[in-house]
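Side chains included, hydrogens not; waters and symmetry mates left out as well; all remaining heavy atoms used.
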Amino acid sequence: MSDPAPQSNDDGYRRGLRGYLSGFLIAALLTAVPFWAVATGRLSAVATIAVIAGCGIVQFGVHLRYFLHVDLSPGKRDELHLILFSLLLLIIMVAGTIWIMVNLNLRMLVMPGGDM
Amino acid sequence: MSDIAQTGFSFDATPTMHNDDPGKAISGFWLFMMSDLIIFSLFFATYATMLTPMSIAGGPGPKDILELRSAAFETGALLTSTFTFGLASLAIAHGRGRAQAMGWLLVTLALGLVFLGLEGREFARLLDIGAVPQRSGYLSALWGLVPLHGLHVTAGVIWLTILLVQMGTQGVTGRVRAGAARLALFWHFLDLIWIGIFSVVYLGGLA
Amino acid sequence: MTSQELWSLALGRLDVDALDFLKAFYAPSENDDILSGAAWVVILGAVTVVALLTIFRAWRPLFRDWLTSVDHKKIGVMYIVLAMVMLVRGVLEGVVMRAQQADGLTGGFLSANHFGQLFSTHGTIMVLFMAMPFLTGLINIVVPLQIGARDVSFPMLNSVSLGFTTAGAALIMISLVIGEFSTGGWTAYPPYTGRVFQPGVGPDYWLWAVILSGVGSTLTGINFVVTIYKERAPGMGFMQMPMFTWTALCTAIMMIFAMPAVTVSSAMLVLDRYLGFHFFTNDLGGNMMNYANIFWLFGHPEVYILVLPAFGVYSEVASTFSGKRLYGYGSLVAATMVIALLSFTVWLHHFFTMGQSADVNAAFGIATMLIGVPTGVKIYDWMATLFRGRIRFTVPVIYLLAFMMLFVLGGLTGILLANPAVDFQVHNTLFLVAHFHNMLIPGVLFGLFAGYTYWFPKIFGFRLNEVWGRIAAFNWIAGFMLAFFPLYVVGAMGMTRRTMAYAEPAFQIWFHIAGVGAALLTAGLASLCVQLWVSIRNREQTRDIGGDPWDGRTLEWATPSPVPEYNFAVIPRVHSREAFASAKAAGAGYPEPASYADIDLPGPTWTGLVMAIFGTTLGFGLIWYMWWLAALSFAVIAVTLIGRAIRGDRHPRVIPAAEVAAEHRAWLARIRALPAAPRTQERSPANRGMAAPEYRDLRP
């Protein structure tokens, strides 16, 4: 990201441009598909949710790769490790929270005539 | 010298100067963003747990208040702005001249303002139809999460304005370039968070 | 506009009833006398400090050399001074609570509201404004020296972190004088802390103090992760880092990822209280259980944030004072990382009784018990380090030995509590209070004291008085045992925590014993003060001229004491773990650099001080609804930070190579003239900070 010596390098510029452009197009597509699925309602509820989740997760990766320039190259190893570690903690916290809260919610439902 | 050098520590013949690695600030900024990511993720988790009938508390639910249209426009504006910021970064990195860099940054700024305008209009509509945060736990969670992202975008817009002024007055100096690199990260990061918001809040809520 | 409206526009909800220090005059009662007395202590303390600064004409040096400094060592010292002030208040509050409960069978002398404020401030202060600044101070002082760096990566940010932490602490001190503090405990669970049940300023003091210091800690975490990643001396790989630096790294990472949780739970509670949101309210779909969940997502990692650096201190102390390499370095590193990660997976054990199913409880109970494993590994490593070592019975070692025994006991009660079925029996009783004090006092506080004693000469150039150090250590250790072991008993008998009085006569004897313990703890606190005074007075007898009073093993001891501003005349190249010990063993502990270079140093800045002052007024304005003050303070903070970001460091300094060379050569000459002290004379005036070569562990 931090370029020490700015230089007019047409080749590099074009390569960079291609990167941003492909990122933009893929991201746009991944955005459009779930919006289309919800707007038209053609898919079943489960399939719609699956499309939203799938496209969202892939788009997350696309943004990381094309816009934040985090990939598998050795120069980006620190950032990649950091993101993976953050995602691990994020999943622990979010999944844990949802698990606990849903569980509490279920156990607090007052069922008519039930003894829950 | 060499046998001593292998134990403990030694001094180089030509000592290193101060460590001015510009990557330090970028690394620090990455850590800040990950900390921020945890903040957002907890608001997301809270939002998810507030989708129950108990938390909606007889008030309006996602289907009653959210609109796909405005979400689509907001998404379009923010996604395009992240692309145009990329073009600005590219222009700075490859020395394509100040005009080109500032041009793309101005487009980004405009798109950011469009996003904020659309979001502001949507918030006004929500207030208008009585979907206020004081109504229910669910609406509190919604009003906690989405405006938090909006506040971040506002901060980004202010930062971008300052950067543009700096660029206009000082030119593309090393300082400005370093600032632009961090702001680029921030801007792309906010778009990343927005993926979560449109997927979970809007699409998930309306599916 | 009436004058009343103007008044409330200017002062928000502040009125004369909020001024605690006047209460003794118009509402005299035992309880209000204590309340007013405490307020007067704060006021008189502040006045005394101001007077002393004026008498000794210290204002200018204070600003020039300390408050505007970005030197990591000075920032570290300021953190520890802050921690010491807060420690005094925290301990005294604990003592008042012990006294109240010792008298609890007959109802005691405090009002319930006052007692509630006491346990709330005591917990908040001890965790967030004593232990956190103390360990942050030690990390600040030691880490750059241990990794052979000039400073931290972001010196200005470091001063900003200190500013925010100080602002939080200042709010807590102000709450003693103006208004009242929360009675919701250090965890501030809603809905009790919501605006329906506590509409006053108490919970707002808690919230803004916690948010401000949380921002400071997050920034500290970021700063130190980057510092340890990027500023290590050439040749120092991760596995050559000293153990304290390793624990500092893990703590810093945990700060980055755990502090956001408390920021979120506090921000949500702020929205509930100020804007009527329903995150945690009783009505309209609020879910107060989610507060406990989010708070402990921070709260549990927090206790490991506290204890890991203490583990680092113990590692350094064990190996230095037994003259041996640290045993099981790799396993200690691994254990530290495992603890750091596992600490994010156990938060539910703080609310086993909240109502989730047995499956959920079992999962978190097992995760909790797992943490005992790496902690146990560490204890064995320290014992093996001491084994057949040349152990000197110095003050840090006394704390280390007390820690190893007491911490294991506390850990065992922790394993009991990790079992949900057992936890149901003793949840919310004094058994739990005894348990976490048993972890935090020997685990954290003794470690901080050990580190304070161990590194003191490095910063100030003289050792602390050994006799008074031992008296203090004895009082702290014995006082801890007497004050908290009885609480296990009454807790198991069913006495709930945070209770000011009781009707069961069988409890009373145990509270009397605990009261004696509290008296000893007060004596410990006083001994620490006496120790500092005596040490300063007799500093010529304990002068550390060479910079290596303990026969140290890591790089910080290869520098002069006090350490020059630039730390190292020339940045060293590191070839092994425990680099200084290896170099000394090879007879090359003090090599002369072949050449010197100019040293760039960051200039002083007012930014941190502005954050401290306007952070305090920002919080104060928000707490008392003085919106103009809050807006003004926020604007000042924003403009200062933006201005600094735009203009950068405008006063960077360069220390010419010739000056560095002259200072360094003078030090080397002093060292050569020093008589080397054998370890038998470590505590005598013969120890001038030059260690005689003795038996060393020479294995490669």
Side-chain angles (χ1 to χ4, degrees), chain B residues 1 3-21 23-25 27-29 31-32 34-43 45-46 49-50 52-59 132-141 143-144 148 158-159 162 165-166 175 179, chain C residues 148-150 153-154 218 221-223 225-226 229-231 233-235 256-257 259-261 263-264 268 271 275-279 284-287 290 294 297 555 558 570-576 579-586 588-589 591 593-600 642 645-646 648:
Chain B
M1 184 77 188
D3 53 334
I4 292 170
Q6 288 319 304
T7 53
F9 67 98
S10 60
F11 295 116
D12 291 354
T14 47
T16 43
M17 288 285 288
H18 187 71
N19 179 359
D20 257 339
D21 177 10
K24 282 194 292 191
S27 302
F29 201 74
L31 290 169
F32 159 73
M34 292 301 111
S35 191
D36 214 19
L37 180 69
I38 300 293
I39 289 189
F40 274 111
S41 69
L42 290 172
F43 271 96
T46 301
T49 62
M50 288 282 198
T52 58
M54 206 184 309
S55 288
I56 290 172
V132 293
Q134 291 82 0
R135 175 62 189 83
S136 71
Y138 163 73
L139 285 166
S140 295
W143 281 92
L148 180 67
I158 294 171
W159 186 359
I162 293 170
V165 171
Q166 270 182 297
R175 262 192 101 67
Chain C
R150 289 252 177 272
S153 283
F154 312 114
T218 311
I222 292 172
N223 208 340
V225 171
V226 177
Y229 259 80
K230 300 274 184 183
E231 310 282 343
I256 295 172
F257 290 99
M259 300 316 290
T263 308
V264 168
M268 288 175 172
L271 289 173
L275 296 174
F277 278 44
H278 292 283
F279 281 109
L284 290 176
N287 185 351
N290 196 26
I294 300 176
L297 273 171
L555 275 182
V570 173
I571 296 293
R573 178 168 289 278
V574 176
H575 305 290
S576 64
F580 189 44
S582 312
K584 282 191 289 187
S595 64
Y596 296 85
D598 291 353
I599 293 176
D600 296 327
I642 290 173
I646 290 173

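Across every non-hydrogen atom of F11(B) and V570(C), the tightest pair is CE2-O, 3.1 Å. Closest approach of H278(C) to P133(B), counting heavy atoms only: CD2-O, 4.0 Å. The two residues L275(C) and Q134(B) have their closest heavy-atom pair at O-NE2, 2.6 Å.
Interface check for chain C: of the options P53(B), G59(B), A45(B), S140(B), the most heavy-atom pairs under 4.5 Å are formed by S140(B). The greatest number of non-hydrogen atom pairs below 4.5 Å with chain C, out of T46(B), T49(B), D36(B), is found for T46(B). Options A583(C), S582(C), P260(C) differ in how many heavy-atom pairs under 4.5 Å they form with chain B, and the most are formed by P260(C). Among S153(C), P591(C), A594(C), the residue with the largest count of heavy-atom pairs under 4.5 Å with chain B is P591(C). Interface summary for chain B: among I256(C), L271(C), V574(C), L555(C), the most heavy-atom pairs under 4.5 angstrom belong to I256(C).
Remark: the S55(B) side chain and the N287(C) side chain contain no N/O donor-acceptor pair separated by less than 3.5 Å.
Note that CD1 of I646(C) is 5.0 Å distant from CD1 of I162(B), once rounded to the nearest 0.5 Å. Between the CE atom of M259(C) and the CD1 atom of I38(B) there is a distance of 13.5 Å, given to the nearest 0.5 Å. Here the straight-line distance linking atom CD1 of I222(C) with atom CZ of F29(B) works out to 9.5 Å at 0.5 Å rounding.
Between the side chain of R175(B) and the main chain of A645(C), a donor-acceptor pair closer than 3.5 Å is present. Using a distance-only test at 3.5 Å, with no hydrogens or angles considered, a donor-acceptor pair links the side chain of S576(C) to the main chain of G8(B).
Heavy atoms of S27(B) lying under 4.5 Å from chain C belong to its backbone as well as its side chain. Proximity to chain C (any heavy atom under 4.5 Å) is shown, for M34(B), by both the backbone and the side chain. Of the two parts of I294(C), only the side chain, counted from C-beta on, holds a non-hydrogen atom closer than 4.5 Å to a non-hydrogen atom of chain B. At a 4.5 Å heavy-atom cutoff, the contact between I39(B) and chain C is made by backbone and side-chain atoms alike. Both the backbone and the side chain of W143(B) come within less than 4.5 Å of a heavy atom of chain C. With a 4.5 Å cut-off on non-hydrogen atoms, F257(C) touches chain B through its backbone and its side chain both. The contact between Q166(B) and chain C is made entirely by side chain atoms (from C-beta outward), counting heavy-atom distances below 4.5 Å.
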**OP:** Would you check, one step at a time, whether the test side-chain contact (heavy atoms from CB on, under 4.5 Å) holds for K24(B) with Y229(C)?
**Re:** CA-CA 9 Å; K24(B) 282 194 292 191; Y229(C) 259 80; over 6 Å; no
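Shown are V225(C), T218(C), N223(C); of these, the side-chain contact (heavy atoms from CB on, under 4.5 Å) with L31(B) is made only by V225(C).
In this structure, F9(B) and F580(C) have tilted ring planes: the angle between them lies in the 30° to 60° band.
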